[in-house]
Amino acid sequence: MNLKKEQLRTGCDALYRELAGEYDLREMNCTIESRTFSFLSVLDSYALLDRISAEEFLKDEQMPYWAEIWPSAIMLSSFIAGKLPLAGKRAIEIGSGVGMVSVVAAANGANVLATDYSTEALRFVAYNALKNGVRLETATLDWRLVQCKERFDMVFAADVLYERVNLLPVVTAIDKLLKPGGSAWIADPRRRLAGQFLELAGENGFSITPFATSYDGGAQPVAVNIYRLSREVHG
């Protein structure tokens with residue numbers, strides 16, 4: 001093993017020990033388009049509720065949804081790896097959680113910025129990137145107040161349409177982050193709120209193309225829709 005690989009392994013092992021000292025962990029192995037990945041997440045996200053103070057909850061009502069790998073993330077990862085030309089594209093994921101979508105996109109050639117509101121989540125993203133041997137960037141991002149000035153070829157988001165209050169901020173975030181001619185790919189487990197999100201996106205000038213998928217890796221199948229949001233470029 002060369003020095004660079006040894007340094008990466010040492011950094012990965014050190015970060016794992018750090019996370020293991022703070023969380024009960026779960027490791028998931030999966031094959032996506034013939035490549036095997038390993039992803040670390042939290043064993044029981046509900047156990048993290050005790051970490052949220054009453055003051056923090058009243059301020060943001062933030063729940064530790066980031067700590068689990070949801071079917072929407074698995075299906076979006078599989079979809080982008082199998083269907084999208086990612087090589088050389090600049091991509092951002094909002095609400096990245098532990099980073100499955102970002103890692104898979106980076107493994108398939110995209111130049112990725114993984115973002116989440118939770119700084120805890122970004123530590124898992126960093127570990128999962130190291131574990132799978134990919135390079136990506138991380139940053140905190142609040143989709144209610146996007147301050148990132150860069151625009152991207154692709155925007156990814158998995159299972160972010162779980163509260164009505166999020167719908168317009170997600171549309172606005174996509175509008176601010178997407179380059180002219182770019183596309184956003186949003187995965188959702190057919191929540192009722194998705195229809196309202198699509199209405200808002202249409203009102204804001206986005207064309208929408210749906211793709212139906214299904215996650216069959218759990219106790220019961222989970223239907224997941226993936227939506228492509230884009231705008232025509234004129235002139």
Side-chain angles (χ1 to χ4, degrees), residues 32 45-46 57 60-84 91-102 104-105 114-118 121 141-146 148 151-234:
I32 298 174
S45 63
Y46 290 100
F57 185 80
D60 288 323
E61 295 187 9
Q62 292 293 321
M63 300 291 285
Y65 298 130
W66 64 265
E68 295 188 39
I69 296 175
W70 301 95
S72 291
I74 297 171
M75 297 314 300
L76 182 57
S77 297
S78 180
F79 184 90
I80 66 176
K83 304 289 188 183
L84 303 186
I92 184 171
E93 184 183 7
I94 61 174
S96 62
V98 301
M100 173 181 271
V101 173
S102 290
V104 171
T115 72
D116 201 283
Y117 185 74
S118 168
L141 184 141
D142 184 346
W143 59 48
R144 299 167 299 182
L145 185 64
V146 174
C148 177
R151 293 198 168 215
F152 299 81
D153 300 304
M154 294 178 170
V155 174
F156 299 126
D159 213 343
V160 298
L161 310 177
Y162 48 83
E163 290 184 6
R164 183 172 285 102
V165 70
N166 290 339
L167 302 182
L168 184 57
V170 171
V171 173
T172 303
I174 293 169
D175 183 58
K176 290 181 178 180
L177 293 168
L178 201 59
K179 282 182 179 178
S183 57
W185 300 86
I186 314 300
D188 182 81
R190 299 190 185 179
R191 296 182 190 278
R192 294 173 65 181
L193 287 176
Q196 296 178 40
F197 168 78
L198 297 176
E199 288 181 12
L200 288 170
E203 291 169 1
N204 281 271
F206 286 103
S207 297
I208 300 149
T209 306
F211 301 85
T213 68
S214 179
Y215 173 66
D216 300 319
Q220 294 183 338
V222 178
V224 175
N225 281 349
I226 297 172
Y227 302 103
R228 179 183 187 268
L229 276 60
S230 61
R231 285 197 180 108
E232 292 184 13
V233 178
H234 300 285

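In this chain, numbering begins with 1 at the start of the sequence shown. Note: hydrogens, waters and symmetry copies are ignored here, and every other heavy atom, side chains too, is used.
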I need the minimum non-hydrogen distance between [X] and [Y], along with the two atoms involved.
X	Y	value
Ala187	Leu76	CB-CB, 3.8 Å
Asp175	Arg151	O-NH1, 3.6 Å
Ile32	Ser78	CG2-CA, 3.8 Å
Ile94	Thr115	CA-OG1, 3.4 Å
Ile208	Gly202	CD1-N, 4.0 Å
Ile80	Phe156	CG2-CE2, 3.7 Å

Original post:
Going by distance alone, is a donor N or O of one side chain under 3.5 Å from an acceptor N or O of the other, for Ser214 and Asp216?
Top reply: yes
**OP:** Let me know which of Phe152, Phe79, Tyr227 forms a ring pair (Phe, Tyr, Trp, His ring centres under 6.0 Å) with Trp185.
**Re:** Phe79
Just by modelled atom types, is the [Y] backbone N or O under 3.5 Å from a matching donor or acceptor in the [X] side chain?
X	Y	result
Arg191	Val160	no
Ser72	Ala158	no
Ser183	Leu229	no
Ser77	Ala73	yes
Asn225	Arg190	no

Subject >> side-chain hydrogen bond (donor to acceptor under 3.5 Å, both in side chains) involving Tyr215 - partner list, sequence neighbours excluded >> reply: none
Original post:
Regarding Arg144 and the six-membered ring of Tyr117, is the cationic atom NZ or CZ under 6.0 Å from the ring centre and inside 45° of its axis?
Top reply: yes
**OP:** For the residue pair Trp70 and Tyr65, categorise the inter-ring angle as parallel (less than 30°), tilted (30 to 60°) or perpendicular (more than 60°).
**Re:** perpendicular
Subject >> Trace of the side-chain contact (heavy atoms from CB on, under 4.5 Å) decision for Glu93 with Leu141 >> reply: CA-CA 10 Å; Glu93 184 183 7; Leu141 184 141; over 6 Å; no
